[in-house]
Each structure stands twice: as C-alpha cells, then as structure tokens.
Amino acid sequence: MRTSLRLGLVVMAAMFGGGDLAIAQTAKIKLGYAKCAHCLPMSLIPGMAKGVEVEATGFNSGNDVLTALISKSIDVAQVTYLHYVTALDKGFDVVAVSGQINGGSECLSSTKLNLPPDDWTAFKAIVAKGKSDGQLLKVAASRGNAQDIHMRGAFLKQGVDPNKDVQFINIPNPSDHLAALQRGEVDMICSVEPFASQIRLAGAGKHFVLPYDQAAGNLTNLIVTRSDVIASQRAGVQGVVSAVVELDNKLIADKTPWIDVINKLTGLDKNVATEALKNASPDPAIHRSQTLAIAAMMRDLKYISKDVSAEAEKNMDYSFLGQATGKAKNDLGY
C-alpha cells in the first residue's frame, strides 16, 4: 500500500508538477545586438527561439555589444568579424558560433565635393589637394565598427593611407552621421544602413562607394559567445543559433518583417528601410579563410598588435550551425 501510494505521488508530481520543472530547466540567454539595419532582425529571435528563453537588448554600436559580452552582462552577442578579431587580439574569451547578415556599409561624400560615384581617381586627386593645401580631407566613421574597417581597407588598397592622408573623425553613434554631414563637419562618411540610406534620401550626402574591395569583402555580422556560456548553457546557445538560421531563411524569402522591425525600432520611414536592404545579405555561415584575411588586414592597418590567425581559427565552433542546418562545416564557411 505504502509503495503504491509513493508511486502514485511520483506519478502525480510528474503529471501536475512537470510544467514547473520544465520551466525551471528552460535555458535562459541574454542576447545583445547593435542598432543597424542588418542587426535589428536579432530583436525577433526571442519570438522564434525554441527550448530557450531569450532576452534581447539593443545597443548603440557593436563596440557596446562586445563590451557587454566581455563583462558578462550578456551571454550571446551579435557583433562583427572585426570585433571578433579585435577581441582575440586583446586576449578576450570569444567564440564564433554563427554568421548572421552581411553588407550594410556605404561611403558617402558631401555634396560640396562634387565627387562622382565610384571614381577613385577623382577621390585621390581631392585627397592629394587637401594634403598640399594643409587641409586634410575629413573622413568619418564609427571607430572599430565594420564600416570603419571596410573603409580603411578600401582606402589602403587604393593607395590612400587612412592614418596619414586624411583626417579621421570618430562619430561613435551612427545615428549622428546625418547631422555631421549636414553641418559640414566632415567631407565623407562611411556609415551603416539604414543611416546610409537616410543620408542619401535626405540629400545630405551622395553615394561614393560600397567599400567591399578589401580583405573583408562584405562580411559584417557574426554571432559570438564565451566558452563558459557554451559549457554551462549549450542548449541555450543552440537555440539562438537555430533561430538565427531560421530567421535568415525567412528574410531571404520575405523582407517585410525586416522592413517592419527597422521602422519600429528606429522610427525611420519604411522607404528608408526598403532602400537599406538593397545592401544586405542574410548569411549564417562563418567564413574562415576571409576571417584570417581580415585579421591580416587589421594588423596592416595597425588595428591589432599581433597575428591572431591561430586564435581566430581555433575559436570558431561550427557544431551549432551543423546541428541547426544538418550540414558539414565545409558547407558552412570552413
């Protein structure tokens, strides 16, 4: 009788208390993302992730997201390949687990420059004149973000030293780029979408170039975490990566949710959002060989102090993407 009673109580506990037990065991992940066109879809992850409770927070820039990850304020971060390399250079514990969306960089010139689009010869002539006149061309970006590195790499490939031939102006918050051009504080700016499209549509600046002719190509966003998070919350990390893959597939098929979330979180007109997405490509792969090329370029630009190629390759974990897609790592960017 007592044995039967105890067995009955166990069964009842499993039936009626199982829900509480499941809730207690549900993985919880704090996710951080930057406020840019190709980053904002990450705000949709909490509603798509399965088997994990995700709390998503938007930050002004990728630098802020990385700081939050390193300080353990968040568990998983949407940053860039460039932040990944910078973090490894500084000895931080970061592990790449997924790509997300690439693109989103554009160099825009002040209308007063009258610079033709994609005309590097004209640009170099303006740079040379500025040097000879003792008034260096003022070029702005958000230092340390993908757009900054894309711009510097593209300049360097054209023979323009971004550290000596132009005057670099750091404008940390990309939402301030429009005003800087309007006020004439800078001559050129390499901005991120949707702010680049906002600048063009407002007539504050003109398209010069998409700065993808350099080692990074158009690679931009990367999902990273820390090794301690993988050890303690592997299921949670898997839930986030699987949701990123699912989201990317949906955005490739239909950009409407993407446009809506940009409009909702930035207040920018849907026409701006639609224009911004012409320069964005969903891609969950982790591109290994290009990451190593990026690391070499960043060392050439003196953005990092040492060769981190070995660390960059070692800290890429393709197992989460493999489980989410059913593909081998050689088909996921390795």
Side-chain angles (χ1 to χ4, degrees), residues 34 36 60-64 66 80 82-83 85-86 89-90 104-193 195-200 202-216 218 220 279 294 296-305:
C36 58
N60 284 332
S61 70
N63 291 330
D64 296 336
L66 180 62
T80 69
L82 311 139
H83 289 109
V85 171
T86 300
D89 178 57
K90 294 179 179 177
S105 300
E106 182 177 8
C107 291
L108 305 113
S109 64
S110 168
T111 54
K112 69 180 181 182
L113 283 185
N114 197 28
L115 179 64
D118 301 302
D119 191 337
W120 284 106
T121 300
F123 172 71
K124 287 188 281 188
I126 292 173
V127 169
K129 186 176 186 306
K131 287 185 70 176
S132 66
D133 292 346
Q135 294 181 327
L136 295 180
L137 194 74
K138 295 180 180 178
V139 179
S142 298
R143 183 170 179 82
N145 280 4
Q147 295 68 45
D148 180 24
I149 306 293
H150 286 167
M151 175 267 291
R152 289 172 183 269
F155 280 15
L156 199 62
K157 189 166 183 178
Q158 293 294 329
V160 176
D161 189 329
N163 295 316
K164 297 178 181 178
D165 297 337
V166 298
Q167 180 184 349
F168 178 76
I169 307 293
N170 180 32
I171 305 177
N173 192 335
S175 64
D176 295 329
H177 289 179
L178 170 66
L181 267 177
Q182 283 180 324
R183 291 193 295 260
E185 295 171 358
V186 298
D187 302 303
M188 177 175 286
I189 201 157
C190 193
S191 194
V192 64
E193 294 291 3
F195 304 107
S197 289
Q198 179 192 27
I199 289 168
R200 270 188 288 103
K206 294 170 54 181
H207 167 77
F208 171 53
V209 71
L210 300 181
Y212 300 142
D213 186 19
Q214 34 70 36
N218 76 332
T220 309
N279 184 15
I294 291 169
M297 178 182 73
M298 290 177 69
R299 190 178 182 190
D300 290 342
L301 288 167
K302 303 190 185 319
Y303 242 88
I304 57 175
S305 60

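Here the structure is a predicted model, which means the values were calculated and not measured.
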Task: Test side-chain contact (heavy atoms from CB on, under 4.5 Å) applied to V166 and V127, step by step - done: CA-CA 7 Å; V166 298; V127 169; 4.1 Å; yes

TODO: Would you list the pairs meeting side chain to side chain donor-acceptor pair (under 3.5 Å) in which at least one residue belongs to residues 107-128, sequence neighbours left out?
DONE: none

TODO: Count the heavy atoms of every other residue, nucleotide or ligand shown that sit under 6.0 Å from CD of Q135, and state whether that count exceeds 12.
DONE: no

- [ ] Check for a donor-acceptor pair, side chain of Y303 on one end and backbone N or O of M297 on the other, with a separation under 3.5 Å.
- [x] no

List the atom of [X], the atom of [Y], and the distance in Å for their closest heavy-atom pair.
| X | Y | value |
| --- | --- | --- |
| A140 | V186 | CB-CG1, 3.6 Å |
| A34 | S61 | CB-C, 3.8 Å |
| G62 | N145 | N-OD1, 3.9 Å |
| P211 | A154 | CB-CB, 4.0 Å |
| G104 | Q147 | O-NE2, 4.0 Å |
| L156 | P162 | CD1-CD, 4.1 Å |

Can you tell me how far apart [atom1] ([X]) and [atom2] ([Y]) are? Round to the nearest 0.5 Å.
| X | Y | atom1 | atom2 | value |
| --- | --- | --- | --- | --- |
| T220 | E193 | OG1 | CD | 11.0 Å |
| I149 | M298 | CD1 | CE | 4.5 Å |
| L178 | S197 | CG | OG | 12.0 Å |
| I294 | T86 | CD1 | OG1 | 10.5 Å |
| I199 | K206 | CD1 | NZ | 14.5 Å |
| L136 | F168 | CG | CZ | 14.0 Å |

May I ask you to check whether [X] and [Y] show a side-chain donor-acceptor distance below 3.5 Å?
| X | Y | result |
| --- | --- | --- |
| T80 | H83 | yes |
| D89 | S305 | yes |
| S142 | H177 | yes |

- [ ] Quick one: do E185 and K138 satisfy side-chain contact (heavy atoms from CB on, under 4.5 Å)? Show the steps, please.
- [x] CA-CA 8 Å; E185 295 171 358; K138 295 180 180 178; over 6 Å; no

Open item on the list: Does Q158 form a side-chain contact (heavy atoms from CB on, under 4.5 Å) with F123? I'd like the steps, not just the answer.
Closed with: CA-CA 10 Å; Q158 293 294 329; F123 172 71; over 6 Å; no

TODO: Applying side-chain contact (heavy atoms from CB on, under 4.5 Å), name anything that partners I126, two or more places apart in sequence or on another chain.
DONE: L113, L115, L137

Task: All side-chain contact (heavy atoms from CB on, under 4.5 Å) counterparts of L210, not counting sequence neighbours - done: E106, H207, Y212, N279

Task: Results of salt bridge (charged side-chain N to carboxylate O under 4.0 Å, His left out) for K129 - residues two or more places apart only - done: D133

- [ ] Would you mind listing every salt bridge (Lys or Arg N to Asp or Glu O under 4.0 Å) that reaches into residues 142-160, with sequence neighbours excluded?
- [x] D148-R152, K157-D213

Task: Pairs flagged by salt bridge (Lys or Arg N to Asp or Glu O under 4.0 Å) wherever residues 158-176 is involved - sequence neighbours left out - done: K131-D165

- [ ] Show the numbers, then the answer: is there a side-chain contact (heavy atoms from CB on, under 4.5 Å) between D187 and V139?
- [x] CA-CA 6 Å; D187 302 303; V139 179; over 6 Å; no

